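The structure under discussion appears below in the form of C-alpha cells.
These figures come from a predicted structure and were not determined experimentally. FYI, side chains are in, hydrogens and waters are out, and symmetry mates aren't considered; it's all heavy atoms of this structure.
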Amino acid sequence: MKLEIGNIIIKDVKFGIETKVDNQMLFINRDEIEALVLKDDRIKGVSIELARPGDSTRITPVKDVIEPRVKVSGNGAIFPGVISKVDTVGSGRTHVLKGAAIVTCGKIVGFQEGIIDMSGPGADYTPFSNLQNVCLVIEPIEGLKQYEYEHAARMAGLKVADYVGQVAKDLEPDEVEVFETKAIQEQVKAYPELPKVGYIYMLQTQGLLHDTYVYGVDAKQIIPTIMYPTEIMDGAIISGNCVSACDKNTTYHHQNNPIIKYLYARHGKDFNFTGVIITNENVYLADKERSSNMTAKLSEYFGFDGVIISQEGFGNPDTDLIMNCKKIEAANIKTVIVTDEYAGRDGLSQSLADADVKADAVVTGGNANEVIVLPPMAKIIGTDAYINKVAGGFDGSLRSDGSIEVEIQAITGSTNELGFNKLTTKSI
Amino acid sequence: MAYKVIHYINQFFANIGGEEMAHVTPEIREGAVGPGLGINKAFKGEAEIVCTVICGDSYFNENTEAATKEILELIKPYEADAFIAGPAFNAGRYGTACGTIAKAVQETMHIPAVTGMYIENPGVDMFKKELYIVETSNAAVGMRKALPKMSALTLKLMSNEADLDPTIDGYIPRGIRKNYFAELTGAERAVDMLVKKLNDESYTTEYPMPVFDRIEPGKAIKDLSKAKIALVTSGGIVPKDNPDRIESSSASKYGTYNIESVLNLTGDNYETAHGGYDPVYANDEPDRVVPLDVLRDLEKEGVIGSIHPYFYSTVGNGTAVKSSKEFSLEIAEKLRQDGVDAVILTST
Amino acid sequence: MVKGIESTGIPVAHICTIVPISKTVGANRIVPAVAIPHPLGDPKLVEEEEYKLRRKIVNNALKALTTEIDDQTVFQ
Amino acid sequence: MITVVSNNPLVKKHRSDIEYLNNKDYLDVLIRTRDLIHQNYHLVTHPLSSNFLADQTCYKTVVLKQESSFDLKSLEIIERAIIMVKNSLLTRDQRIFEEAILRDLQFVDYEIIKNTL
C-alpha cells in the first residue's frame, strides 16, 4: 500500500463568506458549519469559535481534536465506516490542511474533558496550541443521554473536519510525503538484511466514553489484527474517548501517529518496518489475556525482531501494556514500550499499576500528576465552570482571578503515550 | 562573603581512635578536621568549614535521639549555610549516623545537607529520599574522588541552583520523578531506543522498573543447639485487643512483644490484626501463625539454644513490600544488637 | 521484611503460603506453609496431628537455617 | 459463581444480589476485593477499570469469581491497585462531588461493568 500525503500549510484562520484556503489562510463560513452541525436533531445549539496560537484563549472542556483532510485519489473516503462507506483506506492520495484542526467541546459528563491553552505556560504542554483551531462548542437538547451526546459530538467533529477538508481537494500541496508498505512477503524481501520491526498499537476500549473505533467498529470487540501503517495515517482509527485528557489519543493523534512517522523515517535504513498490530484495552482480565496472547502470536507469526508498544490511558491499561511486553519478549522479540506516569504530585509514588523486569526499555511521556498554574485568559471557549471536575483538577482549582491550579493531566495531550511530545520524566 | 559550612565526622576520621573509641560523646572543634581539609580545598574559597562536630559511632547509634539533640545544640551558634556529613563509605553505623544527623539538620535548621556513602551502605536506603547522598567507593581510598563531588553539590545547593541531576551531580537518585522537556519527541526516542536494543547497543530506559534486588543469603547457623532464634511475623499476631493498634492492612508500624514467660500463644491472650484473611483460625490458635509452642518444646529439648525474648509483629501483604522496608531495618538492627543468630519469619 | 533483616547478615527462614510472593520479596530460605488463614496449622486436624504438622514445618525452617545456600531455595 | 463487590447504588439498583458496601469508599471496595482474593476468588474485571483513581471518583465495582484455588495474579493486581489508589488519596485533598457529578460517576462505573452483571 502506498499513500501520498499532500500537506497544504495553514498559517492562519478567519471567518469568511466562503470556506476556502487562500494564501495559507483558512477561511471558515460560520453559517454553513453551524447548519451542518445542527442537522443532527440531538444538538440544540453550536457556537463556532476560532483559536490561534498565541491568543489569550482557553478552550475547555475539549473532547476531540481532528485534522481536516480529503481523499483525492485511491480507495475510500475520510473516516471510513463512520461517516463514509467502509472501504479500505491507506492508498492513493490524501490532502491535509496542515496546521489546522477542528476541536469539539462540550460537557459530556461532568468531568474528564481537557484544557487547551493557546498561550502561556499551559501551551507548552499541548501540541494543539500550535494549531489554527476551529472550535465547536456543542450544546445538546434537554435530557439527552450521555452516550447519545458523546455520539452526536463525535459525529459533529468528524463531519466538520470532512467538510472543511474538502476545500483542499483541488489545491496544490506545499509538500508531498510518500509512505509505502508492501504485502508482507514482498516487504520482507525488500530489505532481507535488516531486522523486521512492528508496532503494537494499543487502543483505549474500556467502555462508554472510553472507546476507539476502527473502520467504525468499537475496538472493544476486535481481536488484535494487523494493519498497514498507511491505513491508520488515512483515518481508519478515530477516537470516541473522553477520558484522561493528558493521555488519551485524539483523532488527530491517530491521524498523525508519531511512532508510525518515525518508524517510516528510519525504515529501510535501520530496520524494515513491516506492519502494525492494533489491540485493545478491555476491563476483563480474560480479554487482556486473550488480546496479549494474540499480539505476541501475531508478532511471532510476522517474524518481527523488534516492536514498539504504545499505551493509551493508565491504570488497568498498565496491565495490558505489561502483558503485551512480557509475552512478546518471551517470544524473543525485543520491545520498547511507551507510557506515562502517575507518580503523585511529589513524584514519589509508584508510577505504573503494573511492572515487570522484562520491560527494560521504557519511554515515558511525563508524570501526569505534576501541578501547574494556568494564568487567567482573556477568552474562554466553552466553559470553565467545570474545571474542578476535569480529571486532574481538584476542589478550588479554579481561582477567583480565573487562574487554574491543576495537574497536567487536565491538559489535552500533555503526557501522550504515542510520544507526540518532548515532555518526559527523570529520577532526581 | 564565603558560605559557612559545618562538617560532621566520626571518631575514626577525627583521629581519636577506632572501634575502641566509638563511645565518645559529641564534641565540637573550630575549623576543618581530617576530610574537612579536603572539602575546604575543593570549596576554593567560595565556602569554608567553620566547625567540625565529632561523635563516636556507637554513641550516636545507641543514643540516637540524645546525640542528635546534643549535636544540634552544639552547632546552632555557628549559623551555617550548609551541613556536610561524612563521607561514610561502606561503614554502616557511620552511614546511619551521617544520614540521621544530616536529616535532622535539614529539618530543624532549614539548610541544605549533603552526605556521601557507598551504594550498599544501609544508610542509603534509609535516607536517599530525603537527602542528597553522593555516591562514593566502598572504602576511604575513594576519599580524594568523593570530597570534590560533595563540595560541588553543597555549593550548588547553597546557591539555590535548582536543576540538580543525579547523573551530573553525582548523588544517588532520590527516586523523585520530575518532568522536563527532552530534546526529541517520545516517538523519536522510542525508535532510537529500539534501534539500539536491536543492535545490542546500550540504551537507558526512562523508567527503570521497580525491581526487587537480591540480598545475599545470611550464613547458615553452625550449631543450632547454641543458636538464639527470633520469631517475626507479618501475619499480625498481637496481644488481645491490639494494644499498638497495628493496622489491618499494609501496616505502617510494628509491635514488639515480650514472650519470655509465654509457653504458647493462645486465643485467650493473642489475636490477629490482619484484615486480609478469615481471622477465625488465627484467633482460635495464634500458634498457627507464630509457632511458639513448637519452638518452646525445641528449646526445652535442646534442639535450639534459646528463643529471643521478644517477637515482632506487623501486617504485611505480599507485594506491598515498600511500606515495610523502613521498619524492617529497625527490627533488623534490634535483632542484630541483641545477638540474635537466626530468624523465623512467618507470613500468611 | 525478609530483605531488611537479612541485610544485617542474620539468616532468615521465611515460612509463607505463597512461594512466588516470597521469591519476589527476595527471601532466600523459603519454607512453604499450609494455607493463608493458618500457615502453620490445619483446623481440620485433631490437636495432636496439627501440632505434628506445625513441628514439621518449623523443623523444615531450622533445616533451612542450617543449610548453606547461594541462591533462593525452597525447602519442601 | 460471580460475585460483585460495589459501593455504587446504580449497580445495586440493577442487580440486587451483590455485595453492596453502602456508604463505603473506593478503597474499601478494593480491600474487600483483596480479602475475597485471599479466599480463592479470582478477578474477572480489573480493579482500576475506568481511568479514575480515588481522587476522581468515589464509585468502584469489581467483579470476581469463586474458584477452588488461589490466584496469585489477582492478588498482585489488587495489591498494586491498592497502592495506587492509596497514593492517589495521599497527595490530594478530599474531593466533594456535586450531586450531578455523582450521578455521572455512578453511570460510568455501571456502564463499564454492566455486561458482566
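Rounding to the nearest 0.5 Å gives a distance of 11.5 Å between CD1 of A:Ile428 and CD1 of B:Ile168. Note that the CZ atom of A:Phe271 and the CG atom of B:Leu194 stand 6.5 Å from one another [nearest 0.5 Å]. For the atom pair CD (A:Gln350) and CZ (B:Arg177), the distance works out to 12.5 Å, reported to the nearest 0.5 Å. Residue A:Lys426 holds its NZ atom at 11.5 Å from CD of B:Glu206, rounded to the nearest 0.5 Å.
For the pair A:Lys334 and B:Leu198, the tightest heavy-atom approach, listed with the atom from each and the gap, is NZ-O, 3.8 Å. Nearest heavy-atom pair across A:Asp356 and B:Met209 is O-CG, 3.1 Å. Of all heavy-atom pairs between B:Val191 and A:Arg266, the closest is CG1-CD, 3.9 Å.
Annotation: maximal heavy-atom pairing with chain B below 4.5 Å, among A:Pro195, A:Gly347, A:Gly306, occurs at A:Gly347. Contact tally against chain B (heavy-atom pairs below 4.5 Å) for A:Ala355, A:Ala359, A:Ser351: the top residue is A:Ser351. Ranked by heavy-atom pairs under 4.5 Å with chain B, the list A:Ala343, A:Gly366, A:Pro258, A:Ala361 is led by A:Ala361. For the set A:Lys261, A:Lys358, A:Glu370, the count of heavy-atom pairs under 4.5 angstrom toward chain B peaks at A:Glu370. Put simply, of B:Asp165, B:Thr185, B:Thr204, the one with the most heavy-atom pairs under 4.5 Å next to chain A is B:Thr185. Residue with the most contacts toward chain B among A:Ile259, A:Asp124, A:Asp270, A:Asn421: A:Asn421 (heavy-atom pairs, distance under 4.5 Å).
For a residue to count as touching a neighbouring chain, one of its non-hydrogen atoms must lie under 4.5 Å from one of that chain's; by this rule A:Val307 touches chain B with the backbone only. Proximity to chain A is absent for every atom of B:Asn199, based on heavy atoms less than 4.5 angstrom apart. Using a 4.5 Å cut-off between heavy atoms, B:Tyr203 contacts chain A through its side chain alone, with no backbone atom that close. Contact of A:Leu418 with chain B is made through the backbone alone, with heavy-atom distances under 4.5 Å. Both the backbone and the side chain of A:Leu352 come within contact range of chain B, with heavy atoms under 4.5 Å apart. Using a 4.5 Å cut-off between heavy atoms, A:Ile322 contacts chain B through its side chain alone, with no backbone atom that close.
Counting heavy atoms from C-beta on, the side chains of B:Tyr207 and A:Thr339 never come closer than 4.5 Å. Annotation: side chain of A:Asp360 is not in contact with side chain of B:Thr205 (no heavy-atom distance under 4.5 Å). Residues A:Thr424 and B:Arg189 are in side-chain contact: their nearest non-hydrogen atoms beyond the backbone lie under 4.5 Å apart. Contact annotation: the side chain of A:Thr335 approaches that of B:Lys197 to within less than 4.5 Å [non-hydrogen atoms, C-beta and beyond].
Here the side chain of B:Asn179 pairs a donor or acceptor atom with the backbone of A:Asn367 at under 3.5 angstrom.
Take B:Asp244 and apply the salt bridge (charged side-chain N to carboxylate O under 4.0 Å, His left out) test, not counting sequence neighbours, and it matches no residue.
Heavy-atom contacts from other residues, nucleotides or ligands closer than 6.0 Å to CD of B:Glu201 number more than 12. Environment of NZ in B:Lys253: crowded, with over 12 heavy atoms of neighbouring residues, nucleotides or ligands closer than 6.0 Å. When the shell of 6.0 Å around CD of B:Glu120 is examined, it contains 12 or fewer heavy atoms from other residues, nucleotides or ligands.
Among the residues in residues 110-117 of chain B, none has a non-hydrogen atom closer than 4.5 angstrom to a non-hydrogen atom of chain A.
Side-chain N/O atoms of A:Ser427 and B:Arg174 include no donor and acceptor closer than 3.5 Å.
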